[in-house]
Protein chains: 2
Amino acid sequence: MTPTLDTVFAALADPTRRAILAMLLEDDMAVTDVAEPFEMSLAAISKHLAILSRAGLISQEKRGRVKWCKLEPDALRDASVWMQGFGQFEAVNLDDFERFLERELGAEQAEGVRD
Amino acid sequence: MTPTLDTVFAALADPTRRAILAMLLEDDMAVTDVAEPFEMSLAAISKHLAILSRAGLISQEKRGRVKWCKLEPDALRDASVWMQGFGQFEAVNLDDFERFLERELGAEQAEGVRD
DNA sequence: GGCATATTCAACCAATCGGTTGACGATCGC
DNA sequence: GCGATCGTCAACCGATTGGTTGAATATGCC
């Protein structure tokens, strides 16, 4: 399936999935390691990863028995083009982004990662 | 309710709602006029507008018996900050955006606005 | 007042979502 | 080969989504 705006935005609409993307920003990770910080089953995380993968936001490659997850930020490009069309946003600096991530992750932590 | 990334991205995940936002980019519109090009009931459009409104993407103001819908592009700012954090996208020019919109609207037209 | 117009509400429906559990198939280490 | 580990599959569950229809609520016009 070619990723559409529908699938990309739908994938981004879940806080668990956004948290996963933020984790993958640091480094590629195995499925088990992705699941570790979350208070939910491995199967649930596996489903989230499948959704991110179908949206093109990550790729997964199996090496041995571990499946590595890798961020694919290019999938955000079309969505970013779409959004920037409204409001002519100037380029956002990464400090803004980091502060944003801290706020969001902090909020999730406060409610136990998930609510 | 203060709009969250959850509600903003979820609102953007539906093609009907994105088409509505694109229409409002041109001008403010009454609910009935928003509904006109779509092959679905007025009530359905009313619900879509409520979702966009809860996400902060539009505002609605009732004047007389007609309720005017107005784009509120600022609500996209947080989401845009979030997305640009991945991939350091350069500013996108509006020509790109217009071509993009044409493609998307064209695709929807081809399947009868909705599939 | 009375009718038409603009919009929402309420109830319903099928489909999807986000989660669970338990069984299963691969692969590694020994 | 065997047991442990990695990950998915399948079936199930309750909640939400995107749509419908019909009735209800404003408001405007004459």
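Each chain gets a letter, A, B and so on, in the order its sequence line appears, and its residues count up from 1.
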B/S41 has a side chain; which of D/dT21, C/dT20, C/dT8 sits nearest to it? D/dT21
What does the list of N/O pairs under 3.5 Å between the protein and nucleotides 27-30 of chain D look like, with a distance for each?
from   : atom 1 : to    : atom 2 : distance (Å)
D/dT27 : O3'    : B/R65 : N      : 3.3
D/dG28 : O4'    : B/R65 : NE     : 3.3

Atom-pair distance (CD on A/E61; P on D/dC6), nearest Å: 18 Å
Identify, with sequence neighbours excluded, every residue that meets side-chain contact (heavy atoms from CB on, under 4.5 Å) alongside B/K70. B/D28, B/S59, B/E72
Taking only the side-chain heavy atoms of A/V66 (C-beta and beyond), determine which of D/dG7, C/dT20, C/dG18 contains the nearest atom. D/dG7
Per B/M40 side chain, nearest of listed nucleotides D/dG19, D/dG18, D/dT8: D/dG19
Round to the nearest Å and state the distance from B/L42 atom CG to D/dT21 atom P. 12 Å
Rounded to whole angstroms, how far apart are NZ on A/K67 and C1' on C/dC28? 18 Å
Can you name the side-chain contact (heavy atoms from CB on, under 4.5 Å) partners of B/V31, sequence neighbours left out? B/L42, B/L49, B/Q60, B/K67, B/C69
Minimum-distance nucleotide (side-chain atoms of A/H48 versus D/dG18, C/dT8, C/dG18): C/dG18
Do A/F9 and B/R18 make a side-chain contact, defined as non-hydrogen atoms from C-beta onward lying under 4.5 Å apart? yes
Hydrophobic side-chain clustering at under 4.5 Å (ILVMFWY, transitive links): who's grouped with B/I51? Put none if nobody. none
Joint cluster assignment, B/L52 & B/L25, ILVMFWY side-chain distance < 4.5 Å: yes
Identify, with sequence neighbours excluded, every residue that meets side-chain contact (heavy atoms from CB on, under 4.5 Å) alongside A/E36. none
Give the rounded distance in Å between these two atoms: CG of B/D33 and C1' of C/dT5. 12 Å
Sorted by chain and residue number, the salt bridge (Lys or Arg N to Asp or Glu O under 4.0 Å) partners of A/E26 (sequence neighbours excluded) come out as none
Quick check for you: among D/dT20, D/dT8, C/dT7, whose closest atom lies nearest to any side-chain atom of B/A44? D/dT20
Are any of B/S46's side-chain N or O atoms less than 4.0 Å away from OP1 or OP2 of C/dT7? no
Between atom CD1 in A/I45 and atom C1' in C/dT21, what is the gap in whole Å? 16 Å
Of all heavy-atom pairs between B/M23 and B/P37, which one has the smallest distance, and what is that distance? CE-CG, 3.8 Å
Using the C1' atoms of the five pairs at each end, what is the angle between the end axes of the helix from C/dG1-D/dC30 to C/dC30-D/dG1, to 10°? 30°
Between B/D6 (CG) and D/dT17 (P), how many Å, whole number? 11 Å
Closest heavy-atom pair, B/M83 versus A/S80, reported as atoms and distance to 0.1 Å, is CE-N, 3.4 Å
Please enumerate all residues that pass side-chain contact (heavy atoms from CB on, under 4.5 Å) together with A/A44, with sequence neighbours excluded. A/M40, A/S41
Taking all atoms of both residues into account, what is the closest heavy-atom pair of A/A30 and A/V66, and its distance? CB-CG2, 3.9 Å
Can you check nucleotides 9-14 of chain D for protein contacts, nitrogen or oxygen pairs under 3.5 Å, and list what you find?
none

Please give, in whole Å, the distance from C/dC17 P to A/F9 CZ? 17 Å
In short, A/A55 meets A/A75 closest at the heavy-atom pair O-CB, 3.9 Å
Whole angstrom is fine here: how far is it from CG in B/L52 over to P in D/dG18? 11 Å
